[in-house]
Amino acid sequence: MEIRVFPDYDEMCSATALLILSRIREQPGSLVCLPSGDTPTGVLSLLVEASRDGRADFSQCRFVGLDEWVGLNGRDAGSCRHYLDEHLFFPLGTSPEQICFFDGAADPEEECRRINTYIREHGPVDVTMVGVGVNGHVGLNEPGTAPGLYAHVSQLQDQTKLVAEKYFRKKVALSQGITLGPRHLLESRTLIMIASGSKKASVMARALEQPVTPECPAGLIRLHRDGHVFLDREAAAELSE
């Protein structure tokens, strides 16, 4: 596992985008999994910029969704799919045939089976990028998630629901999510974890320096054969080294 600390958010995003682009150049038909949320926005912007400048070609890539709120899909502002449509898929001109994403408005258990089948047939995922929740969740794998799970329905913790409110213009009752499981993440050929800001300092110190347990899903990256943790200086502030 590689841990790199950068002076600020912009440099962290730049390094992350360069690593993703290098993997896609090595394998133009990569299966790629990228997250929604505040932290990934800078990375996605750089990927789109690289495509527009002719420095990257995503036309052969396939994309699989990381997670979604149960009850929502791409038609709902604030959903994970809506975010990625706005920040990645539409700007890249990605065709629907290239995208396999959770539909949170459909039967969640059936969606888990559909995504599991897709990755089994087209995977493993070549490049996965994830952020980290303040409670240590990755995707919507909340603390206590069994490491051996593939895609599954998760019960959202109160802290996750509270943080999620910022993504919605009106009150949305969230109780469950659908997410790729820890096993999918560990089976990805390359796994990149990014974290930014002082609010993530405590959880990153726990994930990277305390024993790996299901109570902090973010710590599982330490078990990955090609795991990369990219932090800005604030997110790394509580690391011992």
Side-chain angles (χ1 to χ4, degrees), residues 4-24 30 32-53 55-56 58 61 63-69 72-94 98-99 101-102 104 125 127-140 159-169 172 174 177 179-180 185 190-201 203-204 218 221 228-236:
R4 296 177 65 187
V5 178
F6 299 90
D8 55 35
Y9 174 78
D10 289 342
E11 289 198 31
M12 181 197 74
C13 289
S14 179
T16 305
L18 287 173
L19 178 56
I20 293 170
L21 292 172
S22 71
R23 294 294 189 265
I24 291 172
S30 292
V32 181
C33 179
L34 301 173
S36 59
D38 290 339
T39 307
T41 301
V43 178
L44 301 187
S45 176
L46 291 170
L47 297 180
V48 170
E49 182 181 310
S51 175
R52 288 175 172 167
D53 292 348
R55 292 179 285 113
F58 294 91
C61 291
F63 297 90
V64 64
L66 175 63
D67 52 19
E68 187 56 277
W69 311 110
L72 305 179
N73 60 23
R75 294 186 294 274
D76 299 294
S79 69
C80 302
R81 175 61 188 269
H82 188 275
Y83 167 93
L84 282 163
D85 280 344
E86 182 178 355
H87 292 277
L88 185 71
F89 298 143
F90 291 165
L92 287 181
T94 308
Q98 292 175 263
I99 305 168
F101 212 96
F102 290 109
V125 181
V127 184
T128 299
M129 177 175 75
V130 295
V132 180
V134 292
N135 66 351
H137 76 237
V138 177
L140 288 175
Q159 192 171 30
T160 300
K161 290 185 279 189
L162 181 63
V163 171
E165 290 180 358
K166 65 184 176 182
Y167 300 120
F168 300 95
R169 298 170 188 163
V172 176
L174 301 174
T179 183
L180 298 190
L185 304 183
T190 295
L191 179 60
I192 307 165
M193 178 177 290
I194 60 174
S196 172
S198 58
K199 290 182 179 180
K200 302 296 175 68
V203 71
M204 292 314 303
I221 194 167
H228 304 263
V229 180
F230 289 177
L231 310 172
D232 67 10
R233 186 171 290 143
E234 290 185 347

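None of these values were measured; they are calculated from a predicted model. All residue numbers in this chain count up from 1 along the given sequence.
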Side-chain donor-acceptor pairs under 3.5 Å in residues 190-198, sequence neighbours left out?
{"from": "Thr190", "atom 1": "OG1", "to": "Arg23", "atom 2": "NE", "distance (Å)": "3.0"}
{"from": "Thr190", "atom 1": "OG1", "to": "Asp226", "atom 2": "OD2", "distance (Å)": "2.6"}
{"from": "Ser196", "atom 1": "OG", "to": "Asp232", "atom 2": "OD2", "distance (Å)": "2.6"}

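The minimum heavy-atom distance linking Leu84 with Leu34 is given by the pair CD1-O, 3.5 Å. Residues Leu140 and Glu68 come closest through the heavy atom pair CD1-O, 3.6 Å. Scanning all heavy atoms of the two residues, the minimum distance from Leu21 to Ala56 falls at CD2-CB, 3.4 Å. Between Ala236 and Leu231, the shortest heavy-atom distance links the atoms CB-CD1, 3.9 Å. Between Trp69 and Ala164, the shortest heavy-atom contact is CH2-CB, 3.6 Å. Here the closest non-hydrogen pair linking Phe58 and Leu47 is CE1-O, 3.7 Å.
Val48 meets the side-chain contact (heavy atoms from CB on, under 4.5 Å) test with Arg52, Leu88, Pro91, Leu92; sequence neighbours excluded. With sequence neighbours excluded, the residues forming a ring-ring contact (aromatic ring centres under 6.0 Å, His included) with Phe6 are Phe230, listed by chain and number. Scored by the side-chain contact (heavy atoms from CB on, under 4.5 Å) test, Cys13 finds Tyr9, Val43, Leu46 as partners (sequence neighbours excluded). Not counting sequence neighbours, the partners of Arg75 by the side-chain contact (heavy atoms from CB on, under 4.5 Å) test are Asn73. Partners of Glu11 by salt bridge (charged side-chain N to carboxylate O under 4.0 Å, His left out), not counting sequence neighbours: none found. Every residue was checked against the ring-ring contact (aromatic ring centres under 6.0 Å, His included) condition with Phe101, not counting sequence neighbours, and none meets it. Partners of Lys161 by salt bridge (charged side-chain N to carboxylate O under 4.0 Å, His left out), not counting sequence neighbours, listed by chain and number: Asp158. For Glu165, the salt bridge (charged side-chain N to carboxylate O under 4.0 Å, His left out) test picks out Lys171, with sequence neighbours left out. Applying the salt bridge (charged side-chain N to carboxylate O under 4.0 Å, His left out) test to Asp76 and every residue at least two apart in sequence or in another chain returns nothing. Under the ring-ring contact (aromatic ring centres under 6.0 Å, His included) criterion, Phe63 pairs with Phe89, not counting sequence neighbours.
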| Derivation of the side-chain contact (heavy atoms from CB on, under 4.5 Å) call for Arg4 and Val229 | CA-CA 6 Å; Arg4 296 177 65 187; Val229 180; over 6 Å; no
| task | Quick one: do Thr179 and His137 satisfy side-chain contact (heavy atoms from CB on, under 4.5 Å)? Show the steps, please. | result | CA-CA 11 Å; Thr179 183; His137 76 237; over 6 Å; no
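Separation of atoms CD1 (Ile20) and CE (Met129) is listed at 4.5 Å; rounding is to 0.5 Å. Rounded to the nearest 0.5 angstrom, Cys80 SG and Phe102 CZ are separated by 10.0 Å. To the nearest 0.5 Å, atom CG of residue Leu44 and atom OG1 of residue Thr16 are 10.5 Å apart.
Looking at Arg55 and Glu49, a side-chain N of the basic residue comes within less than 4.0 Å of a carboxylate O on the acidic one, giving a salt bridge.
Put simply, the side chain of Lys200 gets close to the backbone of Val132: a donor and an acceptor are under 3.5 Å apart.
Checked options Leu185, Val32, Val64; the residue passing with Val125 is Val64 (criterion: side-chain contact (heavy atoms from CB on, under 4.5 Å)).
For residues 77-88, the pairs satisfying side chain to side chain donor-acceptor pair (under 3.5 Å) are Thr41-Tyr83, Arg81-Asp85, with sequence neighbours left out.
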